[in-house]
Participant: 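Got a structure here, written out as structure tokens. Questions coming.
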Amino acid sequence: MYYLLKLFPEITIKSRSVRRQMTRCLVGNIRNVLRPLGETIDVQGGWDALKVLMPADAEPDWYREIQETLCDIPGVHEVQCVEEVPFVSFEDTTVRLLPVWRDAIAGRTFRITVKRRGVHDFTSEQLERHLGRALLDAAPDARVRLKDPDVDVRVDVVEGRLRMVRQRWPGLGGYPLGLQGQALTLISGGYDSPVAAWKMMRRGIKTHFLFFELGGAGHEAAVREVAHHLWHRYSRSHRVKFIAVPFEGVVAELQRSIPDGLIGVTLKRMMVRAASRIATRARIPMLVTGDAIAQVSSQSLTNLVLMDEASDVPILRPLIAEDKQTIIDTARQIGTATYAEGMPEVCGAVSQRPNTQARHDKVIAAEENFDFSVLDDAVQRAVLTRSDQLLEQAQTAAPELEVITDLRTAVNGSDVSVIDIRPPAEREAAPLSLSQVECLEIPFFELQSRAEALPDDRRYLLYCAQGVMSRMQAMHLHDRGLTHFGVYRDG
């Protein structure tokens with residue numbers, strides 16, 4: 001037995017030269033993916049299908065692993081497990097077919113599909129009728145249905161060879177990876193950006209990953225796992241880059257210098273600026289984001305235009321018109337939804353009153369107060385990791401944070417202080433009134449520089465309205481060894 005790989009239909013309608021180029025690329029990709037699984041696996045090219053030949057001593061579990069791997073390679077439309085023997089007669093074909101399909105069609109509808117290539121003294125329809133009659137006799141409760149049957153039994157006669165398809169699985173489709181160039185995907189680990197990256201991989205684009213670190217080492221470790229999953233399952237024929245940019249300082253500078261309503265769109269502009277520089281430096285010609293129109297405040301058409309303006313390279317948005325539920329369903333299909341369910345949404349907590357229709361002149365004026373040396377420093381401190389080394393650092397566990405929802409449960413309340421890290425305007429609009437413990441007011445953008453000066457014989461619980469920024473800050477402080485910081489969530 002061997003595997004027969006059917007080409008994605010869009011490949012088969014290309015010109016002869018393009019089709020040949022795509023097929024050669026696909027053969028090379030398959031060999032790259034299968035090489036670690038065994039040097040004795042042979043991949044053979046073809047005009048309309050490829051063959052993957054297994055060694056004679058292959059174990060059943062090996063077949064299963066190979067089949068699952070082949071189904072996730074871009075460019076493969078269908079994976080077929082095929083038995084090929086010399087064609088002898090109708091009767092010999094029937095003897096070989098019945099044990100494979102008798103139980104599979106029991107109580108179900110089926111059809112026989114015969115395709116021939118070469119000169120024979122019978123027609124495809126004659127062999128279909130003969131095999132169909134034999135299967136009905138062997139499974140009396142089955143029924144023939146020529147349109148949309150439950151089971152399609154495929155038999156090919158190629159010259160003097162009989163090719164029987166024992167099992168079929170849908171492939172990933174799309175184009176061979178690497179044939180359409182490369183892109184840099186801004187990935188956060190939520191539902192959207194991994195799906196956007198996967199869509200680009202499926203269309204043959206070698207996809208690198210860019211992560212902006214806002215949620216501490218635990219957040220980065222989780223995103224590394226998402227990126228590794230996407231690379232290992234769908235694109236490991238090529239080695240790609242994972243680039244992490246420390247962006248906490250940029251967020252702190254935004255909180256200090258930008259009006260609250262413009263922080264969200266300005267943060268995205270800063271990310272795009274940084275991504276554009278990194279892509280240009282790495283000679284990657286385009287960026288990819290998971291933006292979808294109107295899904296969040298920064299993704300209005302007005303704000304998306306403002307983001308495009310900040311980039312020197314094109315920004316592709318494969319999800320731009322997708323519904324959220326469709327994106328979530330795709331994330332489940334490709335295996336990234338489980339990562340997204342536990343991922344913090346940091347960007348949405350940076351601004352409390354985001355402007356969905358930010359004015360260009362106001363954004364430009366606001367950015368004049370921003371210290372761009374902070375952004376320059378973040379880009380310079382970007383860390384690159386090869387895709388095959390992602391899990392070596394992804395094992396970093398998120399720190400165990402103390403989270404208090406009822407201050408009465410805090411032991412020895414006299415040695416506990418709550419730090420309100422909200423910006424001054426937000427504190428004034430909704431003051432935090434606590435009688436049980438001391439309450440300090442240190443804005444988010446000042447805490448990192450002031451934390452070490454606070455006495456380490458007290459416990460400090462950080463507070464913000466949504467709990468995301470306080471958790472993020474506490475995790476950063478833990479990374480620096482300041483483990484006496486926790487989080488206070490108001491009941």
Participant: Describe, in one word, how the ring planes of Phe372 and Phe370 are oriented to each other, choosing from parallel (under 30°), tilted (30 to 60°) and perpendicular (over 60°).
Facilitator: perpendicular

Participant: If you count heavy atoms of other groups shown closer than 6.0 angstrom to CZ of Arg283, is the number above 12?
Facilitator: no

Participant: Could you check whether Glu446 pairs with Arg256 (Lys NZ or Arg NE/NH1/NH2 to Asp/Glu carboxylate O, under 4.0 Å)?
Facilitator: no

Participant: So, Arg168 and Asp152, do they make that salt bridge, N to O below 4.0 Å?
Facilitator: yes

Participant: If you measure only the distance, is there a donor-acceptor pair under 3.5 Å linking the side chains of Tyr175 and Glu10?
Facilitator: yes

Participant: Inspect the contact between Arg64 and Glu68 and indicate whether a charged nitrogen and a carboxylate oxygen are less than 4.0 angstrom apart.
Facilitator: no

Participant: Do any N or O atoms from the side chain of Trp231 and from the backbone of Val226 form a donor-acceptor pair under 3.5 angstrom?
Facilitator: no

Participant: Using a distance-only test with no angle check, is there a side-chain donor-acceptor pair under 3.5 angstrom linking Gln325 and Asp329?
Facilitator: yes

Participant: Where does the angle between the aromatic ring planes of Phe211 and Phe242 fall among parallel (under 30°), tilted (30 to 60°) and perpendicular (over 60°)?
Facilitator: parallel

Participant: Can you run down the salt bridge (Lys or Arg N to Asp or Glu O under 4.0 Å) pairs that involve residues 289-318, sequence neighbours left out, and say none if there aren't any?
Facilitator: Arg269-Glu309, Asp291-Arg317, Asp308-Arg317

Participant: So Gln299 and Ile293, do their side chains get closer than 4.5 Å, heavy atoms only?
Facilitator: no

Participant: Is it the case that the side chains of Arg31 and Ser237 hold a donor-acceptor pair, with the cut-off being a distance below 3.5 Å and no angle test?
Facilitator: no

Participant: Pairing donors with acceptors under 3.5 angstrom, does anything connect the side chains of Glu78 and Gln80?
Facilitator: yes

Participant: Show your working on salt bridge (charged side-chain N to carboxylate O under 4.0 Å, His left out) between Asp415 and Arg458 and close with a plain yes or no.
Facilitator: CA-CA 5 Å; Asp415 66 352; Arg458 294 183 64 82; over 6 Å; no

Participant: Just checking His478 against Phe485, ring centres under 6.0 Å apart?
Facilitator: no

Participant: Does the pair Arg273/Glu367 count as a salt bridge with the N-to-O cut at 4.0 Å?
Facilitator: yes

Participant: Side chains of Leu172 and Cys71, heavy atoms from C-beta outward: is any pair under 4.5 Å?
Facilitator: no

